[in-house]
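Being a predicted model, the structure only gives us computed values, none of them experimental.
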Number of protein chains: 2
Amino acid sequence: MVATYKDIRRITGLSLATISKYYNGGNVLGPNRELIEKAAAELDYQVNNVARGLRSRRSMTVGVILDELASTFNTTIVSRIEERLREAGYGTIICDSRRDAESQADVMRFLVGKMVDGIVVIPVDDDTSFLAAARDRDVPVVAVDRLMPGTDSVVIDNRAAIASAVQLLVTAGHTAIGLLAGPDTTYTMRERRAGFRDAMQDRTGLLPRAELMTPEHVSVEGGCTGLRRLLRLSAPPTAVVCANYVLTLGATIALNELGQELRPALVGFDNLELARLIRPRPTLVTQPIESLATEAAELLLQRLSGGGPDDPVTITLDTTLMVGHESTYQLRP
Amino acid sequence: MVATYKDIRRITGLSLATISKYYNGGNVLGPNRELIEKAAAELDYQVNNVARGLRSRRSMTVGVILDELASTFNTTIVSRIEERLREAGYGTIICDSRRDAESQADVMRFLVGKMVDGIVVIPVDDDTSFLAAARDRDVPVVAVDRLMPGTDSVVIDNRAAIASAVQLLVTAGHTAIGLLAGPDTTYTMRERRAGFRDAMQDRTGLLPRAELMTPEHVSVEGGCTGLRRLLRLSAPPTAVVCANYVLTLGATIALNELGQELRPALVGFDNLELARLIRPRPTLVTQPIESLATEAAELLLQRLSGGGPDDPVTITLDTTLMVGHESTYQLRP
DNA sequence: CTCCTTTGGCGAAACGTTTCGAACCACTTT
DNA sequence: AAAGTGGTTCGAAACGTTTCGCCAAAGGAG
């Protein structure tokens, strides 16, 4: 049988109220403190968090909803968030929405039903209707890597990220640059595409041809076929920018099948493991993934303690361009 | 204000007991059913799982402890387990022990304190003392990918896995085969090394030279340096078996720096993404990762419902050898 | 020495469920 | 008509905490 306050009361003779006070950092006289500590050790007592949660209306758990679990980007985020929240006493319930909006809504209801105190989400797409379940129950939500109107969000400066890639390539002499990006259904992709267009116009004075930036399916396959399509154009680009990790992966695979002399310059996105595995060392736009996670965790913790501004907050972080081997960005003569 | 049974009672005139029965699948007369459903819809009622947990002594959450989160192997496992457990109504609290035994023990206490109903763990090493916290509170534990004496475990047939790699290489004519494996501190590594030794003896009649199987640090770096060390030996191996994913990754990186003609044959372990990215297509021992996860989930669910045999269960699954491009395993003339 | 304030402790009432035994009802059986 | 039966419903007591209002003792100011 697991010990309760009542057992401690039996041993110490103190009241439940005093014992509770002890476990919640209130003032308890020295001798009584020791009495409780001794009894607790003897009984191997541990606070029952479920009972505590019922009374205090906090479950001390938060939910994390991911569009997919099996991606380095996401696991890094989860790992950091979990670490920070556990420090603060919160358990992290994880849910994989498998890139499915309906499943995402299910999961949201599931978590709200589990009485989580807050939620971090990497949403599947721009549709915010699934947030209603949380809003109805006043559960704070922080979105990561997507800007959700009306919700706290932590994002990177997508336009600047792509612009830094474009700048490198234009400086190296490229003018015909292609973009591998997904459809405009997510905020992130919209921003990256817009950032590409704007940066091209800024740096070259011209808008890129539409055929150089048609949307791809966001997958390894999409990256492969997209790169091949670009290179089959009558006027193929001399350089390609990939707007996300899996597209970079796909493009790299497609590149491996080409002869050295045919390879376009390629600037990818976001994976650190990749950089170590691939020769020549790739040029990559890298996101501050850990910061993204810690900012999200801190923001959520602030909301959980009832703090923060009344209006939704958006935190924007900067990316870094990791310049790889020069063959990955130079224009061939 | 969030609705409770009392609100439903006010509207329907039924007793709390009947309402509870409705929500727990008991028999309730048709008209009363409808009454409750109508009231619940009106109130936007959702069961309070914390209160339910207090009374029924089940939190309907389980903990998952991982030695690290950022590995495809582990995330695949988590994703599947989470999916299956959520189907059964359980929330999955995830904890990353960061390969640190002390942190693993902390996390175990944390989860037990959170009143989880069960725990799945991929342990840091063979030390089982951290399990005490769970055992004291009668929380069932299932270990994945490690055999923990006295605990339900789901593992692969490590010896057979390595033996299949050795068989392929010996059949292709190799006799000097090296092994990249970690130190014998974990069950998994011990089994794989023993499996290697036994298979070599079976197939070649000789034990491999000790210098061909000295332990490496289990990391990408360890794989790199280990492969280089093997090739610098006065009698270098003509083929190398890697006993795990990160070692394979490291060895592959080191391989990339060698000229084609110097490359030894290489059989790696366990990653599917890898296979798509690397040319020539590598030969890999692949684990049934998804099955590992579903078996673990089913076993835990069985324990959660009080079922299963009295003694700890060990489930052993088989691996598959995915043969890649022939240059990855053939002996050069 | 009295009055007031501060401190620590106490009993009892929540929090929102589940569960147990008893009560009830409409039948069927004697 | 009384007794038995099977299926529903009910009231009340848990589950293990936190919290509210009150009280006693101790300390300080006048």
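- Classification of Asp106(A) and Arg86(B) as a salt-bridged pair fails, no side-chain N sitting under 4.0 Å from a carboxylate O.
- If you take CG of Asn32(B) and P of dT8(D), they are 10 Å apart, rounded to a whole angstrom.
- Of the listed nucleotides (dC10(C), dG16(D), dT19(C)), dT19(C) has the atom at the smallest distance from the side chain of Ala17(B).
- The distance from atom OH of Tyr22(A) to atom P of dC10(C) is 16 Å, rounded to the nearest whole Å.
- The two residues Asp311(A) and Arg303(A) have their closest heavy-atom pair at O-NH2, 3.3 Å.
- One can place CD1 of Ile19(B) at 11 Å from P of dT9(D), the figure rounded to the nearest angstrom.
- Asn49(B) comes within contact range of no nucleotide atom at all, as no heavy-atom separation falls under 4.0 Å.
- Across all strands, Tyr45(A) comes closer than 4.0 Å only to sugar-phosphate atoms, never to a base (heavy-atom distances).
- Taking side-chain N and O atoms only, Ser20(B) has a distance below 4.0 Å to OP1 or OP2 of dT18(C).
- Here the C1' atom of nucleotide dG11(D) and the NZ atom of Lys6(B) are 14 Å apart, to the nearest Å.
- Of the candidate nucleotides dT17(D), dT17(C), dT9(D), dT17(C) has the atom lying nearest to any side-chain atom of Arg52(B).
- For Ser15(A), the side-chain atoms get nearest to dG11(C) when compared with the rest of dG11(C), dG11(D), dT18(C).
- Side-chain atoms of Tyr5(A) lie closest to dT17(D) of the nucleotides dC10(D), dT17(D), dG16(C).
- In this structure, of dG16(C), dT8(D), dT19(D), it is dT8(D) that holds the atom nearest to the side chain of Lys21(B).
- Remark: Asn24(A) is in phosphate contact with dT18(D), judged by side-chain N or O atoms under 4.0 Å from OP1 or OP2.
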Step by step, would you call Ile289(B) with Ile77(B) a side chain to side chain contact (heavy atoms under 4.5 Å, CB included)? CA-CA 6 Å; Ile289(B) 308 189; Ile77(B) 300 245; 3.8 Å; yes
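- Within the 3.5 Å criterion, the main-chain N or O of Leu66(A) finds a donor-acceptor partner in the side chain of Ser97(A).
- Closest contact between the side chain of Leu54(A) and the listed nucleotides dC10(C), dA12(D), dC15(C) involves dC15(C).
- Residue order along DNA chain D, read from the 5' end via each residue's closest nucleotide, puts Thr18(B) first among Thr18(B) and Ser56(B).
- Between Leu43(A) atom CG and dG16(D) atom C1' there is a gap of 14 Å when expressed in whole angstrom units.
- In terms of heavy atoms, Asp67(A) sits closest to Asp96(A) at O-OD1, 3.7 Å.
- Nucleic acid contact for Leu29(A): sugar-phosphate only, since backbone atoms but no base atoms lie under 4.0 Å from a heavy atom of the residue.
- Contact detail for Arg146(B) and Val124(B): the closest heavy-atom pair is NH2-O, 4.4 Å.
- Considering all non-hydrogen atoms of both residues, Leu111(B) and Cys95(B) come closest at CD2-SG, 3.9 Å.
- Counting to the nearest Å, the P atom of dT18(D) and the CG atom of Leu16(A) are 10 Å from each other.
- Val50(A) comes within 4.0 angstrom of no nucleic acid atom, judged by non-hydrogen atoms across all strands.
- Distance Arg55(B) CZ to dG16(D) P: 9 Å, rounded to the nearest Å.
- Residue Thr4(A) is in sugar-phosphate contact alone, with no base atom involved, counting any heavy-atom pair closer than 4.0 Å across all strands shown.
- Helix-axis bend for the helix from dC1(C)-dG30(D) to dT30(C)-dA1(D): the local axis fitted to the five terminal pairs at one end deviates from that at the other end by 50°, rounded to 10°.
- If you measure from atom CZ of Arg57(B) to atom P of dA14(D), you get 13 Å, rounded to the nearest angstrom.
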Please walk me through it: do Ser59(A) and Thr61(A) pass side chain to side chain donor-acceptor pair (under 3.5 Å)? CA-CA 5 Å; Ser59(A) 65; Thr61(A) 57; 2.9 Å; yes
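- Dashed line: the shortest gap from a side-chain N or O of Asn27(A) to OP1 or OP2 of dT7(C) is not under 4.0 Å.
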